[in-house]
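One structure is given below, encoded as structure tokens.
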There are 2 protein chains.
Amino acid sequence: MASIKDVAAEAGVSVATVSRVLNDHPSVSADARTRVLAAVETLGYRPNAVARSLRTDQTHTLGLVISDVMNPYFTELARSVEEEARALGYSVIIGNADERPDLQDHHVRTLLDRRIDGLLVSPTDGGSPLMLDAARAGTPMVFVDRWIPGVDVPVVRSDGRAAVRDLVAHLHGLGHRRLAIIAGPAATTTGRERVEAFREALAAYGLDLPDAYIGQGDFQAESGRLVTEGFLDLAEPPEVVFAADNLMALGALDAVRARGLRVPDDLALAAFDDIRWFVHTDPPVTAIAQPTGELGRAAVRALVDRIEGRPGQSVTLPARLVVRRSCGEHPTPVQRSTT
Amino acid sequence: MASIKDVAAEAGVSVATVSRVLNDHPSVSADARTRVLAAVETLGYRPNAVARSLRTDQTHTLGLVISDVMNPYFTELARSVEEEARALGYSVIIGNADERPDLQDHHVRTLLDRRIDGLLVSPTDGGSPLMLDAARAGTPMVFVDRWIPGVDVPVVRSDGRAAVRDLVAHLHGLGHRRLAIIAGPAATTTGRERVEAFREALAAYGLDLPDAYIGQGDFQAESGRLVTEGFLDLAEPPEVVFAADNLMALGALDAVRARGLRVPDDLALAAFDDIRWFVHTDPPVTAIAQPTGELGRAAVRALVDRIEGRPGQSVTLPARLVVRRSCGEHPTPVQRSTT
DNA sequence: CTGAAAGCGCTTACAG
DNA sequence: CTGAAAGCGCTTACAG
């Protein structure tokens, strides 16, 4: 592979001059520029990004550590992150934690070793020492979706409280009184918040959230199935179950179908996170939609701001309820939303 | 961030010695080793992978350029690739081409600039000059899922021919005679092969595949919807439509439902690529399943073989039909497969 | 405008 | 076993 020396030799200039034309430095003669460009062309030269990074101490690369790539919500988040980063001149390296703290640490470490310019993370847990140290040591960082309290890092997320209130109002309006939730891990902010928001919204209607109606899931499908089975085995099963993410909602659908029951007739279902496939399930699932693309883009902007010395704002965007058919809604040809 | 010099100073040895203990070089005294390790510990030192890569000319990184991350098939592929790579001591950087040749080129270029050790690609098109040049120039490369004919690069893919034959036999057995296909882009190998396999299988039953029954899609959902609408507008619509990938199958479901029709009663549906969600649609979709995880792992093994100087085998794995309910099958409580 | 030189943080023959 | 030194491929003050 041709190096800058080869180009210099071919163009009859010094490597310094080659470097200047490659970096659009103003003080290069037109003549030198054309000769260098010609040499680059004939040699098919491409600058070695590794060498450049070592010299400049910047990689123009962002690390993104997400909890679970197989979750469509995170896949979409990753996609928007990459798009925005590309627009701003950065590449992104994705690390999939698969909801495992040890894997999360592995990726954070690897990313740090590669000297990425900044880190975007959706923590799987309360925060490993490694990650906290990195944040304290000044590694530009921002949390997306999930975050760790008490760390001085911008947070870009969506606030589902209002949407959860809308959902509960919707369910209450449909006559439901026994509402249950499949919660995410208490070690995650989203795991905790969705339960709290649900409980508060219920309280506003004088409704209780008994322990038996709080099922502990882990944001993955199998846990949603198990929890739902438990609900169905109760002497007084809930009328509605609210899954704290899309994968657990799928597990719930599974459990219901396995017993030969129907949604919403036998058990109504609602989910946090709206994904394309919910339109195609039967019945289409009523869900709370996050502005996923927006979140990804805002997170990248905040991180790049930090990297480039600007403040880097926290951003909280609203989520919204998308009413479909899984809660016993009156059939409508058109999708409605409660905006 | 502490450098190797700081560690050397702290331990009272030369940087060479530090490097040796870090790389498990045998000729280091036990004393020096403990001192270095202690220094590493107190300084929280982590070797700079960028510098190491520049020096050793290897990054221990694989590039993976896939056609579309939002397609669950590729998401799963990416996941298995990363797992196997990690097990073999490599990281992977994913580039999402989003079915766009220009984006594919962007990622290939970026990855090459970063001096990844090898490239795994599922080409979006017939192959850009950039990619072909890289292959010829000796960049270790392997194709996964899709490939480019005439290039000396191992191919790891699954052969769907037998499964397509099984599918056609299955459909024929259910009494279907008018079968249509939603094809992928002819510029891709999988786009072409699935049509051919389908046509050949039909021929074995004396059935024809008229042009009107070949809809041109692009592997994304919207195209599946459009093609299906076209089929339904035909004077003699097909009885079954076979979508060449899962996203186009979803588009097809959409089109059918939008007209108030039902699968399979009004139009039967089968898909190439089996994804989790197909179990949860109504009806569950009969599909051809690829051994996705196996493919990803085999591809990584082939690539790492090439990188480390071993041959690097092409691998072709069989796909299999998974019969469910979308083709008018007799209801069964248990999923069957035609193995 | 241009080039020689230093240096980024490592690894690795080469002497000793 | 250990260290001084060269060198990976760049960029960038510093002179001229």
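First the proteins, then the strands, lettered A, B, ... as listed; each starts at 1.
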Review item, side-chain donor-acceptor pairs of residues 296-305 of chain A, under 3.5 Å, at least two apart:
| from | atom 1 | to | atom 2 | distance (Å) |
| --- | --- | --- | --- | --- |
| A:Arg297 | NH2 | A:Glu294 | OE2 | 3.1 |
| A:Arg301 | NE | A:Glu84 | OE2 | 3.3 |
| A:Asp305 | OD1 | A:Arg310 | NH1 | 2.3 |

* Interatomic distance, A:Leu54 CG vs D:dT12 C1' [rounded to whole Å] -> 14 Å
* Structure fact -> With sequence neighbours left out, the residues meeting side-chain contact (heavy atoms from CB on, under 4.5 Å) with B:Arg109 are A:Arg46, B:Asp105, B:Asp113, B:Leu130
* **Those residues that, when tested against B:Thr42, pass side-chain contact (heavy atoms from CB on, under 4.5 Å) (two or more places apart)** => B:Glu10
* Asked: Looking only at atom C1', what distance separates C:dG16 and C:dT12, rounded to whole Å?
  -> 16 Å
* To do: Quick one: which residue pairs count as a ring pair (Phe, Tyr, Trp, His ring centres under 6.0 Å) with a foot in residues 54-93 of chain A, not counting sequence neighbours?
  => A:His60-A:Tyr90
* Proximity to the side chain of B:Ser29 - top-ranked nucleotide from D:dC1, C:dA4, D:dC10 -> D:dC1
* **For atom CD of B:Gln58 and atom P of C:dG9, their distance in whole Å** => 21 Å
* Structure fact -> With both pairing distances under 3.5 angstrom for Watson-Crick or G-U wobble, and | for a partner in another strand, the correct string for DNA chain C is |||.||||||||.|||
* Between D:dC8 (P) and A:Met1 (CE): distance, integer Å -> 16 Å
* A:Asp57 has an atom CG; how far is it from atom C1' of D:dT12, in whole Å? -> 14 Å
* What pairs with B:Asp57 under salt bridge (Lys or Arg N to Asp or Glu O under 4.0 Å), at least two apart in sequence or on another chain? -> none
* To do: Answer yes or no: are there more than 12 heavy-atom neighbours, outside A:Gln58 itself, under 6.0 Å from its atom CD?
  => yes
* Structure fact -> Atom CZ of B:Arg55 and atom P of C:dC8 are separated, to the nearest Å, by 16 Å
* **Which residues share a side-chain contact (heavy atoms from CB on, under 4.5 Å) with B:Pro154, sequence neighbours left out** => B:Val142, B:Arg306, B:Ser314
* Structure fact -> Contacts of A:Gln220 meeting side-chain contact (heavy atoms from CB on, under 4.5 Å) (sequence neighbours excluded), chain-then-number -> A:Asp68, A:Asp98, A:Glu99, A:Asp218
* Among residues 30-51 of chain B, which contact DNA chain D at a heavy-atom distance under 4.0 Å? -> B:Ala32
* Structure fact -> Numerically ordered, the residues 16-28 of chain A set in heavy-atom contact under 4.0 Å with DNA chain D is A:Ala16, A:Ser19, A:Arg20, A:Asn23
* Asked: Between the side chains of A:Thr61 and B:Arg114, does any donor sit under 3.5 Å from an acceptor?
  -> yes
* **Between C1' of C:dG3 and NZ of A:Lys5, the distance in whole Å** => 15 Å
* Structure fact -> Taken in chain and number order and not counting sequence neighbours, the residues that satisfy salt bridge (Lys or Arg N to Asp or Glu O under 4.0 Å) with B:Asp31 are B:Arg35
* Asked: In whole Å, what is the span from the CG atom of A:Asp6 to the P atom of D:dC8?
  -> 11 Å
* Could you tell me which residues satisfy salt bridge (Lys or Arg N to Asp or Glu O under 4.0 Å) with B:Asp6, sequence neighbours excluded, listed by chain and number? => none
* What is the distance, rounded to the nearest whole Å, between atom NE2 of B:His60 and atom C1' of C:dT11? -> 13 Å
